[in-house]
Amino acid sequence: MSSLKSLLGALVLLTGFASQAALPDYKTVPLQQFGSDKQLQLGQLDPNKPLYVKLWASWCKPCMEQMPHFEQLYKDYGDQVNFVAVNININEQPAEVNKVIQRFGLTMPVWLDQNGQLALALGLVGTPFSVLMNSQGQQVYSSHESDAALDGFIQRLAQGQQLPPEPADKVSPAQQQQQLATVSQGEQLLFITATWCDWYLADTRPTMAAQCKQAQTDLNALVAKLPKANWQGLVNHLWTDDKALADFNRQYQMKVPFRIDQYGVLFQHFNVRSIPVLLKLKDGKVLAQIDDFSDQAKVLQQLQ
């Protein structure tokens, strides 16, 4: 009887996770305007116009290189196309977002993807990321480039052409459930970071880069002090593949098994907006969240 109860409990738990695994509808994801409390859902925009969504980060060098072109496109086609500038809100600081607005003289509102739901809905794998929708709400083009091909698609959409949808390449509900199931049962210490945060941010966010490097360097020592714990490692899926993960493991000689957070499912589920972070989990629930690794004794105390 006890084993039956355990089985039923596990099924209920997994069912609960599955119910949360529906892919967000990009039209209903709430975005918050930078610098105000105003919120926007893309479905509230003029439905007779096509849509251009650009996902970016202030610490992303290619994003900054593309900003002048983005602003020029807005000036050229802003009357015929809904332009939406969306900051992905990972390791961001308001002052840095404001610097971008001032530096490039952005005249369009900037919105924050507060919980990463829009990124998940649009299949973000790396910034900068441009997504174009026709007036029927179908995604017709996506690209990491800001080039003549993008200009051509925007021009045709602005002229009223109903371009056909491009093939979908987003996470399915089944893939979401598979990811969520890895954290649904038992106790875990889940260390979350990115393979690039120690070097890619070195120029634009040196303090963050140093924190990443220190936390990752000290992780094995922390694991050695809690050897019986179920340690797991997770790296952000942006700009990351199996080779990047292998290089990361080799560089830090990681004793913890790391995997890639495919499609950003767990980042969105746990609303991870800053890395590195350590989550103490029990049956999928967060018991403790640690993002300051400067005092290892204090970290250990929080994990007891």
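Looking only at side-chain heavy atoms (C-beta outward), F191 and V235 stay at 4.5 Å or farther from each other. Side-chain atoms of V29 and D25, non-hydrogen and from C-beta on, never get closer than 4.5 Å to each other. Between S58 and R205 there is a side-chain heavy-atom pair separated by less than 4.5 Å. Using a 4.5 Å heavy-atom cutoff, the side chains of Q33 and L40 are not in contact. A 4.5 Å side-chain heavy-atom check between L180 and V265 finds at least one atom pair inside the cut-off. Inter-residue side-chain proximity for P30 and Q117 is flagged as met; some heavy-atom pair is nearer than 4.5 Å.
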Practice prompt. Before giving the answer on side chain to side chain contact (heavy atoms under 4.5 Å, CB included), spell out for Y74 and V81 the whole-Å C-alpha distance, their side-chain angles and the decisive distance to 0.1 Å.
Written response: CA-CA 8 Å; Y74 176 65; V81 178; over 6 Å; no
Discussion item. Test side chain to side chain contact (heavy atoms under 4.5 Å, CB included) on L238 and I88; report intermediate values, then the result.
Written reply: CA-CA 11 Å; L238 302 180; I88 64 172; 4.2 Å; yes
Item to complete: Decide yes or no on salt bridge (charged side-chain N to carboxylate O under 4.0 Å, His left out) for K280 and E187, but give the supporting numbers first.
Response: CA-CA 7 Å; K280 182 179 180 180; E187 297 184 1; over 6 Å; no
Item to complete: Evaluate the side chain to side chain contact (heavy atoms under 4.5 Å, CB included) criterion for residues F293 and Q211: first the C-alpha distance (whole Å), next the side-chain angles of each, then the deciding distance (0.1 Å), finally the verdict.
Response: CA-CA 8 Å; F293 298 90; Q211 290 171 345; over 6 Å; no
Worksheet item: Would D203 and K61 satisfy salt bridge (charged side-chain N to carboxylate O under 4.0 Å, His left out), going step by step from the backbone distance to the final call?
Response: CA-CA 10 Å; D203 294 333; K61 295 178 184 177; 3.1 Å; yes
Discussion item. Before you tell me yes or no, could you show the steps for Q188 and K282 under side chain to side chain donor-acceptor pair (under 3.5 Å), namely the whole-Å CA-CA distance, both residues' side-chain angles and the distance that decides it to 0.1 Å?
Written reply: CA-CA 7 Å; Q188 292 185 37; K282 184 173 182 180; over 6 Å; no
Worksheet entry | side chain to side chain contact (heavy atoms under 4.5 Å, CB included) between Q161 and L157, worked out | CA-CA 5 Å; Q161 295 185 32; L157 287 170; 5.9 Å; no
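Judged by distance alone, the side chains of K27 and Q44 never bring a donor and an acceptor atom under 3.5 Å apart. Between the side chains of H69 and D147, no donor-acceptor pair is found at a separation under 3.5 Å. Side chain to side chain, Q175 and Q262 fail the donor-acceptor criterion of an N or O pair below 3.5 Å. Counting only N and O atoms by type, the side chains of N271 and N115 include a donor and acceptor under 3.5 Å apart. Using modelled atom types and a 3.5 Å distance limit, the side chains of D218 and Q214 yield a donor-acceptor pair. For the 3.5 Å distance criterion, the side chains of N230 and Q232 qualify, holding a donor opposite an acceptor.
The environment of Q304 atom CD is dense: over 12 non-hydrogen atoms of other residues, nucleotides or ligands sit within 6.0 angstrom.
Comment: K49 does not engage D79 in a salt bridge, judged by the lack of any side-chain N to carboxylate O separation of less than 4.0 angstrom.
Ring geometry for W196 versus Y200: interplanar angle over 60°, hence perpendicular rather than tilted (30 to 60°).
There is a path of hydrophobic side-chain contacts, each under 4.5 Å, that joins W199 to I90. Cluster membership check: F153 does not share its hydrophobic cluster with V53, using side-chain heavy-atom separations under 4.5 Å among Ile, Leu, Val, Met, Phe, Trp and Tyr. Using a 4.5 Å cut-off between side-chain heavy atoms of Ile, Leu, Val, Met, Phe, Trp and Tyr, with links allowed through other members, L279 and V256 fall into different hydrophobic clusters. Hydrophobic clustering, with ILVMFWY side chains joined whenever heavy atoms are under 4.5 angstrom apart, groups M254 together with I290. When the side chains of ILVMFWY residues are joined at heavy-atom separations under 4.5 Å, either directly or via intervening members, W56 and V131 end up in two distinct hydrophobic clusters.
With F70 as the fixed residue, the ring-ring contact (aromatic ring centres under 6.0 Å, His included) test singles out one of Y52, Y77, F129: Y52. Each of L281, L234, D283 was checked for a side chain to side chain contact (heavy atoms under 4.5 Å, CB included) with V183, and the lone residue meeting it is L281. Put simply, the residue from D241, T240, D247 that forms a side chain to side chain donor-acceptor pair (under 3.5 Å) with K243 is D247.
In terms of heavy-atom proximity, N89 sits nearest to D113 at CB-O, 3.7 Å. In this structure, T195 and D198 approach most closely via the heavy-atom pair O-OD1, 3.6 Å. The two residues P128 and H144 make their nearest non-hydrogen contact at O-ND1, 2.9 Å. W111 and Q39 get closest at one heavy-atom pair: CZ3-C, 4.0 Å. In terms of heavy atoms, C212 sits closest to P276 at SG-CD, 3.5 Å. Between T193 and F258, the shortest heavy-atom contact is CG2-CE2, 4.1 Å.
Using a distance-only test at 3.5 Å, with no hydrogens or angles considered, no donor-acceptor pair links the side chain of N87 to the main chain of V97. No donor-acceptor pair closer than 3.5 Å links the side chain of R273 to the backbone N or O of N91.
Taking CG from L189 and CG from L222, the interatomic distance works out to 8.0 Å, rounded to the nearest 0.5 Å. The CG atom of N236 lies 11.0 Å from the CG atom of L266; values are rounded to the nearest 0.5 Å. Interatomic distance, T28 OG1 to Q41 CD, rounded to the nearest 0.5 Å: 6.0 Å. We find the CD-CG distance between Q162 and N134 to be 4.5 Å, quoted to the nearest 0.5 Å. The structure places CD of Q159 at 9.0 Å from CZ of R156, a figure rounded to the nearest 0.5 Å. Taken to the nearest 0.5 Å, the CE atom of M133 stands 9.0 Å off from the OG atom of S142.
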